[in-house]
There are 2 protein chains.
Amino acid sequence: MKLYSYWRSTTSYRVRIALNLKGVSYETIQVDLVSGEQRAPEYVALNPIKGVPTLILEDGRVLTQSLAIIDYLDATIPNFPLVPEDPFERARVKAAAHTIAMDIHPVNNLKVLTHLKSRYGLTAEDGIEWFRHWMTEGFQAYQALLPDGVAFSFGNRPDLADINLVAQLYNAHRWGVDMTSFPRLLEIEKRALALPAFDAAHPENQPDAS
Amino acid sequence: MKLYSYWRSTTSYRVRIALNLKGVSYETIQVDLVSGEQRAPEYVALNPIKGVPTLILEDGRVLTQSLAIIDYLDATIPNFPLVPEDPFERARVKAAAHTIAMDIHPVNNLKVLTHLKSRYGLTAEDGIEWFRHWMTEGFQAYQALLPDGVAFSFGNRPDLADINLVAQLYNAHRWGVDMTSFPRLLEIEKRALALPAFDAAHPENQPDAS
């Protein structure tokens with residue numbers, strides 16, 4: 001498989017973790033979001049929302065949207081299931097994953113920040129404050145959704161919720177979110193990053209990292 | 001089941017459509033987002049992200065996040081499947097649904113607009129422009145993801161993608177998005193709203209509509 005990916009994109013990071021947990025080897029194709037490669041017509045033909053990641057399957061079929069890609073991987077590769085089989089437990093894990101993927105990430109996307117600066121005159125400092133605001137709110141909700149007594153978010157092995165969390169925490173550190181209220185999330189992150197699947201997917205371990 | 005819902009919330013609208021398509025009867029409990037009922041401590045205990053919808057199952061268990069709730073309904077109620085069984089086809093439908101649910105809706109959320117106004121001084125007019133910008137971008141991408149020759153987004157009956165689309169189009173009309181480039185989306189909406197499940201879920205047909 002081929003993954004169109006940007007090293008710092010947390011949605012790319014999610015899919016890299018999932019591919020690694022599933023034991024799938026893949027080729028990374030860099031899409032430099034800062035220089036605007038996601039807006040090149042050839043790329044937009046693959047990914048009309050002009051974002052990363054895009055996954056090209058072995059037979060050339062194209063998938064977009066990180067959680068739809070992960071759903072496909074989980075349905076087709078039985079190794080290391082990423083959500084529980086029980087529908088209620090699965091919905092709980094998905095609700096936590098979506099608290100990151102819908103309530104934090106889209107609002108803190110690079111394209112949103114760029115638009116806020118260019119159209120409404122927000123400063124670099126405003127942008128950092130904006131990022132911190134939505135992460136702090138979202139992490140409070142995420143932490144409140146977790147059961148007690150497990151090593152990861154919902155169990156003793158990582159799942160879809162942890163994939164979303166760990167990717168978002170990269171951004172939290174990057175933008176200096178005060179994490180003192182979220183000790184549980186930091187513990188989960190530490191355990192996850194000790195696993196090769198997460199470590200190899202980390203932004204700073206990507207070929208396009210700078 | 002009991003659905004905590006706000007009439008104009010498009011995420012509540014999604015779940016109402018899904019419940020109706022599945023043939024589930026439910027009780028609506030109003031959460032007035034404008035007066036801030038979502039921040040009441042009793043409600044936050046159910047829904048830590050302080051949003052709607054929240055679904056209370058017959059046995060009292062609680063589910064949050066609209067797409068996680070719909071996933072649960074689809075897994076437990078076989079009537080009217082909302083996503084294809086084939087993993088690739090399902091991922092395509094989910095990618096389109098997520099183009100609405102992740103690339104448009106979270107950025108156009110009421111809480112984001114309120115924060116933009118109160119913290120960064122955006123005017124009411126700026127807010128409308130903000131809404132229109134993200135909807136126009138997202139609808140372009142959504143339309144590009146659709147196959148030709150079907151009555152709804154991906155087939156001849158509505159699915160998860162249509163549920164997300166139709167709910168978002170309510171907002172598009174409300175905020176005056178120029179839809180002349182999106183004739184296909186308007187045709188899908190017209191067909192969907194002719195169905196009782198969509199019509200009964202429409203914001204203006206809710207008990208708390210004003």
Side-chain angles (χ1 to χ4, degrees), chain A residues 11 44-45 47-51 55 57 59 61-76 83 86-88 90-99 101-107 109 111-112 115-116 119-122 126 129-130 133-134 137-138 140-145, chain B residues 11 44-45 47-51 55 57 59 61-76 83 86-88 90-99 101-107 109 111-112 115-116 119-122 126 129-130 133-134 137-138 140-145:
Chain A
T11 54
V44 177
N47 189 316
I49 199 72
K50 304 171 190 165
L55 185 69
L57 304 180
D59 61 11
R61 288 184 299 174
V62 178
L63 286 176
T64 63
Q65 293 285 353
S66 61
L67 296 197
I69 292 171
I70 293 174
D71 185 82
Y72 173 82
L73 295 172
D74 209 26
T76 54
V83 290
D86 174 77
F88 181 77
R90 186 168 70 223
R92 283 175 76 206
V93 168
K94 288 197 172 185
H98 291 180
T99 298
M102 304 213 190
D103 289 292
I104 298 179
H105 173 264
V107 191
N109 207 315
K111 69 180 173 189
V112 170
H115 189 65
L116 282 170
R119 183 67 191 84
Y120 302 103
L122 269 69
D126 291 333
E129 181 194 67
W130 172 264
H133 174 80
W134 300 110
E137 276 219 343
Q140 277 163 357
Y142 186 95
Q143 201 167 248
L145 292 169
Chain B
T11 53
V44 177
N47 188 316
I49 198 71
K50 303 169 193 167
L55 185 69
L57 303 180
D59 61 8
R61 290 185 298 174
V62 178
L63 286 176
T64 64
Q65 293 285 354
S66 61
L67 296 196
I69 292 171
I70 293 174
D71 186 82
Y72 173 82
L73 295 172
D74 210 26
T76 54
V83 290
D86 175 77
F88 180 78
R90 186 168 68 224
R92 283 175 76 207
V93 168
K94 288 197 172 185
H98 292 180
T99 298
M102 305 213 190
D103 290 293
I104 297 179
H105 173 264
V107 191
N109 208 316
K111 69 181 173 190
V112 170
H115 190 65
L116 282 170
R119 182 67 191 86
Y120 302 104
L122 268 68
D126 291 334
E129 181 194 68
W130 171 266
H133 174 81
W134 299 110
E137 276 217 343
Q140 277 164 357
Y142 186 96
Q143 200 167 249
L145 292 169

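Protein chains get the first letters and strands the later ones, always in sequence-line order, with residue 1 at the start of each. Computed from a predicted structure; not experimentally measured.
Taking CG of A/Leu63 as the start and CG of A/Leu73 as the end, the distance is 8.0 Å to the nearest 0.5 Å. One finds the OG1 atom of A/Thr11 at 8.5 Å from the CD1 atom of A/Ile69 (value rounded to the nearest 0.5 Å). Between A/Glu137 atom CD and A/Thr99 atom OG1 the span is 11.5 Å, to the nearest 0.5 Å. Here B/His133 contributes atom NE2 and A/His115 contributes atom NE2; the two are 4.0 Å apart, rounded to the nearest 0.5 Å. Atom NE2 of A/His98 and atom CG of B/Leu67 lie 5.5 Å apart (nearest 0.5 Å).
Contact annotation for B/Val62: only backbone heavy atoms (N, CA, C, O) come within less than 4.5 Å of a heavy atom of chain A. Both the backbone and the side chain of A/Phe88 come within less than 4.5 Å of a heavy atom of chain B. Neither the backbone nor the side chain of B/Gln143 has a heavy atom closer than 4.5 Å to any heavy atom of chain A. For A/Val93, no part lies under 4.5 angstrom from a heavy atom of chain B. With a threshold of 4.5 angstrom between heavy atoms, B/Trp134 approaches chain A through side-chain atoms but not through N, CA, C or O.
The candidate from B/Arg90, B/Arg119, B/Arg61 with the greatest count of non-hydrogen atom pairs under 4.5 Å with chain A is B/Arg61. Of all the listed residues (A/Arg92, A/Lys111, A/Gln140, A/His105), the one sharing the greatest number of non-hydrogen pairs under 4.5 Å with chain B is A/Lys111. Heavy-atom pairs under 4.5 Å with chain B were tallied for A/Ala141, A/Ala97, A/Ala45; the largest tally goes to A/Ala141. Contact count against chain B (heavy-atom pairs under 4.5 Å) is highest for A/Asp103 among A/Asp103, A/Thr76, A/Asn109. Among the candidates A/Gln65, A/Lys50, A/Glu129, the residue making the largest number of heavy-atom pairs closer than 4.5 Å to chain B is A/Gln65. Most heavy-atom pairs under 4.5 Å with chain A: of the set B/Leu145, B/Val44, B/Val107, B/Asp126, this distinction falls to B/Asp126.
By the 4.5 Å heavy-atom criterion applied to side chains, A/Tyr72 and A/Leu57 are counted as neighbours.
Looking at every heavy atom in both residues, A/Lys94 comes nearest to B/Ala68 through CB-CB, 3.8 Å.
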task = Apply the test side chain to side chain contact (heavy atoms under 4.5 Å, CB included) to residues A/Thr64 and A/Ile49: give CA-CA distance (whole Å), side-chain angles for both, the deciding distance (0.1 Å), then the verdict.
result = CA-CA 9 Å; A/Thr64 63; A/Ile49 199 72; 5.9 Å; no
